[in-house]
Every structure is written in structure tokens, then in C-alpha cells.
Novice: 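The structure's right below; bear with me while I get my questions together.
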Number of protein chains: 2
Amino acid sequence: MKDDLKFEAFKEVVSLSVEGLSRDLFLGNRESIKIKKEGVAVKNLVKILNAALALSNQKGFAAMSLRDLSREAGLSMGALYTYFTSKEELLHMIQRQSAVVMQVLVDHIEGIDDPKFKLRRAIQAHLFLSEILREWFYFSYMETKNLGRDDHRKAIEAELFTEKLFIDIIHEGQKAGAFREVDTDLLGAVIKAMLQDWYLKRWKYAGRKVSVERYAAFVVEFVEMYLAPSQE
Amino acid sequence: MKDDLKFEAFKEVVSLSVEGLSRDLFLGNRESIKIKKEGVAVKNLVKILNAALALSNQKGFAAMSLRDLSREAGLSMGALYTYFTSKEELLHMIQRQSAVVMQVLVDHIEGIDDPKFKLRRAIQAHLFLSEILREWFYFSYMETKNLGRDDHRKAIEAELFTEKLFIDIIHEGQKAGAFREVDTDLLGAVIKAMLQDWYLKRWKYAGRKVSVERYAAFVVEFVEMYLAPSQE
DNA sequence: GTCTATATCTGGATAGAC
DNA sequence: GTCTATCCAGATATAGAC
């Protein structure tokens, strides 16, 4: 279908990667990071972040010791501490970068007028983003409650913000007569739940060989049927 | 609607409680629990389990120290260790009791013939169960990856088992002509995701004053519209 | 910039008094 | 049956050599 966004194309366009996120992270934390050469810092941050996400998502951030992390990242304990001043700050750094990603979703759908098309694109973009950075999304979801007060609040705001994105699109569609009247808040909530399931249960979908494009198509169809104006 | 199960009625019938689960737990672990008097043991198990669930769900099981638990439960460290032999065994105990609950769901829908009615009842019963024991469900979901090998495997089997429950009902309905042909696996997966969202995001629904009955009605309507045979 | 060695503390677990 | 006191492994964090 011509409306459908292809995953590979999307990936090219947004060009998100651990390298990119590491570079942003380095540039945004030059004061607290003791390493001054960008090349060295970014290379090690990539190793640290990949290792931290892998270990945390396997057994939880709290259960990951910095010795584990040191081994997995291939850096000594001393070296680790030149990139962050405490384990808590490492958590904070990862969480902040995750939050930034959501801006990509917003940028991707702004300017689209047709509500039905916009809803479809929003669902696809959300799923594709979480596919590209699934470890970050998983981490962000699972570690929310371990965050400090401020980060915790921001994480909840981010959840509500993306949910509202969907709710607003549905409202627009209802005003335009493209969608029928439904409980918009609840629909927004379950759309979000279905999108999150994609990265929370990746083992399940991978085992069944479900591609992200197929999952996206299913969610779109499911929601569109519910919103279709009743034929009279 | 006459088909609708009422939450309060359901609660009466199944009569699940922390006391009940504690008693079962005591009877099922008489060898390893050092306390012999049932009354004492059950009373303290209730305190321990409530405290453990509250603390774990707040900041994660790994981050909960047994000193925290001791304070919250109002028992000394020494007393705690007469009910379990290690922190890991406490995790195991909670997880096992959670798993048992699912049998209630199976019992509740067996013998129903009409697929549409059966699907509705299964959705309602799942949501109502998780509403009664939301702390157990939340714990079970969030701590899955912290479990030992065996418990971890069982937790995944439980997830797939309940999902299959829904998938089977949908298949029956399709054979009977009550539902149209759809991707049954994906529909089962997202139904499960929506049911889980109820206990994973309780703060959200509570804040919006959404009752479990209303959420159930929404999910049922959402799924039934998708499954309705196309009118030609 | 990175490593090894070590200081310091937290938390799981237990012994023994009551 | 319950508590206090204590042991000790393992964790975070840092100092100082290279």
C-alpha cells in the first residue's frame, strides 16, 4: 500500500545509532566527563552504553554490578569512573538520551493533515523507532521506577505525552468526520500498550518471525476498523 | 448488559486474598518454614508478603534490602529468616503463588460454549483477577527476568498459556462462523498486552477514574468489532 | 587516559541470648 | 518464636602508579 512507511527507508532517514547517541551524550556532558578527546570518549561511551543496556535488560540495572559492567565493556573500574561519577549518574545519562528520541516521532508526523494517514504514520514511526533502539526503549520502560524523583517524573510525562499525540490525532479525525465517536482516552491508552508490547516482548515476536512492518500493519488495521464510521 | 460479569460478584465468588495465598503458601512449605503454629505463621507471612510486594513494586526486588523489608514488615532480620532461607527463595515463593492464580481463570471459563460469550468472560475474568491481586501481577511481570532459570521458564510458559487461551477461543469462534478470519496469533498477543496494561499502568487509570468494569467493556467492544463478520 | 590496588560501606546471612 | 549483635562477601568509589 502506498501509504505504508517501509522500515528500512525510515531507518535511513532518521539515522539513529548508539554512536550518534553517544556523541550527543558526550557533547552534552563535557564538564562532567573527564576525557577530553572526542574520538576516545565516544568510542568508550559506545562500549559502556551497549554493555550497560545488555546487562541491565538481562537482569535489571540494580542487579548489575559495576564489576560486571567493567568486564562486559572491556574497561577497568577506574576507566568507567572517568565517564560518570556514580552508578546513579549512569542511569540518569541513559534515561536522558532515551527521552530525546521521542522528538523524532513528533518531527516525523508534523505537517500531515489527513488524520487517518497521520494516525497510521504515527503508529509506524513509533514501532520503527522502538525497533531501531529497542534496548533503550526496554530499559527506559523497565527502569522507570528506579529513577530519581526528577527523572521518574519526566519518564511519566513522556508516556503521557506520546499517548496524547495519539489522542489528539483521533480527536482531529473525529472533527473531520473520518473517525466515529469513541472513548478517545481509552483508545489512546491501549494503542500505547500495543506499541509498547512490541519492544517489551521482542522474544515472542522474534520467535514467531513477525516483522515490525507486519506488526505495524496489524495494529493499524485493528485501530482503523474500530474507528471506521458505521455504514448506515 | 446481561452478559456482563460484575466485578464485586466475581470478587465474592473467587474469594482470593493475601491471607488465603499466605495460608496456601504455609501449607505448601511446611518443611522449609521453621514456624509450626499455623496462626502465627500465616499472620507473619501476610505482613512479609505485603511488605515485600509494596517495596519491590516501588523500587524493584533487587533494590529492596532485607533490612528495608524487616522494617516495613515489623519483624527482625532473624524472624524473617525463619520463613525463608534466602532472599532468592522469597522471590521464588512469591512467584509460585502468582502462577497458581491463573488456574482460577481457566476454571472460570471452562464449560462455556458460545465463543463470543466465552471471549468476553475470559477478558473480564483476567482483568478482574489482576484487579484483585494487582500487586502480585505487577510483581510477577516486572521481576520475571530476575527469576532463576526454572521460575523464569515457567513465567514465560504462563504468559504463552494464557495467550493461547484467547487464541483457542478465537479459533473456536471462527470455526463456528461467529468471528471472521484474522491473524489469530497477533490478535491474541495484543489482547494480552491490553490486559497487562491494566495492572502495569494502574496509576494512569486510577488517576482518570476508569473502573475495571469500564476498561473491560472497552476491550471487549474493541476486540468484538474487529472480529465481527463483515456484513455483505 | 587507563590500570591495579585498596579504602569503605552496604547488605545477606547466622549465632546465640531471651 | 523473636530479637540483637555480628560475620563476611561483594559492591561502590577512589588513589596513585604507569
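This structure is a prediction, so every number in the text was calculated from the model and none was measured.
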Novice: Does a donor on one side chain sit under 3.5 Å from an acceptor on the other, for A/K201 and A/Q196?
Specialist: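 Distance-only check fails for A/K201 and A/Q196.
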Novice: Between C/dC3 atom P and A/L80 atom CG, what is the distance in whole Å?
Specialist: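 Computing the A/L80:CG to C/dC3:P distance gives 9 Å.
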Novice: Separation of A/E89 atom CD from D/dT14 atom P, in whole Å?
Specialist: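 Those two atoms, CD and P, are 11 Å apart.
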Novice: Any side-chain donor-acceptor pair under 3.5 Å between A/D197 and A/Y205?
Specialist: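 Yes - a donor-acceptor pair under 3.5 Å links their side chains.
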Novice: Rounded off to whole Å, could you give me the NZ-to-C1' distance for the B/K43 and D/dG1 pair?
Specialist: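 So the two atoms are 10 Å apart, to the nearest Å.
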Novice: Among side-chain atoms of A/S140 and A/Q95, is any donor-acceptor pair under 3.5 angstrom?
Specialist: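 There is such a pair (donor and acceptor under 3.5 Å, judged by atom type) between the side chains of A/S140 and A/Q95.
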Novice: Please round to 10 degrees the angle between the axis of the first five pairs and the axis of the last five pairs in the helix from C/dG1-D/dC18 to C/dC18-D/dG1.
Specialist: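 For the helix from C/dG1-D/dC18 to C/dC18-D/dG1, the axes at opposite ends meet at about 0°.
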Novice: Summarise protein proximity over nucleotides 4-18 of chain C in one line of letters, 5' to 3': B for base, S for sugar-phosphate only, - for none, counting protein heavy atoms closer than 4.0 Å.
Specialist: B------BBBB----
Novice: Measure the distance from CG on B/L75 to C1' on D/dC3 and round it to the nearest whole Å.
Specialist: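 In whole Å, D/dC3 C1' lies 11 Å from B/L75 CG.
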Novice: Between A/L27 and A/E38, which heavy-atom pair has the shortest distance, and what is it?
Specialist: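 Scanning both residues completely, I find the closest heavy atoms to be CD2-OE1, 4.0 Å.
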Novice: Does a donor on one side chain and an acceptor on the other come within less than 3.5 Å for A/K6 and A/Q124?
Specialist: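 The criterion, which ignores hydrogens and geometry beyond distance, is not satisfied for A/Q124 and A/K6.
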Novice: Taking the inter-plane angle between the rings of B/H126 and B/Y199 on a 0 to 90° scale, is it parallel (under 30°), tilted (30 to 60°) or perpendicular (over 60°)?
Specialist: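 The rings of B/H126 and B/Y199 lie parallel, inter-plane angle below 30°.
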Novice: Do B/L133 and B/L21 touch side chain to side chain, with heavy atoms closer than 4.5 Å?
Specialist: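 The answer is yes; the side chains approach within 4.5 Å.
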Novice: Please identify which of these residues, B/W198, B/Y215, B/F7, meets the ring pair (Phe, Tyr, Trp, His ring centres under 6.0 Å) condition with B/F128.
Specialist: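 When ring pair (Phe, Tyr, Trp, His ring centres under 6.0 Å) is applied between B/F128 and each of B/W198, B/Y215, B/F7, only B/F7 qualifies.
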Novice: NZ of B/K47 versus C1' of D/dG1: gap in Å, rounded?
Specialist: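 One finds 12 Å between C1' of D/dG1 and NZ of B/K47, rounded.
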Novice: D/dG1 C1' sits how many Å from B/L45 CG, rounded?
Specialist: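 About 13 Å, once rounded to whole Å.
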Novice: Nearest whole angstrom, please: distance from the P of D/dA13 to the NZ of A/K34.
Specialist: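 The answer, rounded to whole Å, is 11 Å.
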Novice: Rounded to the Å, how far apart are A/F61 CZ and D/dT12 C1'?
Specialist: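 It is 12 Å, rounded to the nearest whole Å.
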Novice: Begin with the C-alpha distance, continue with both residues' side-chain angles, and end with the deciding distance and a verdict on ring-ring contact (aromatic ring centres under 6.0 Å, His included) for B/F10 and B/H108.
Specialist: CA-CA 10 Å; B/F10 181 84; B/H108 205 81; 4.9 Å; yes
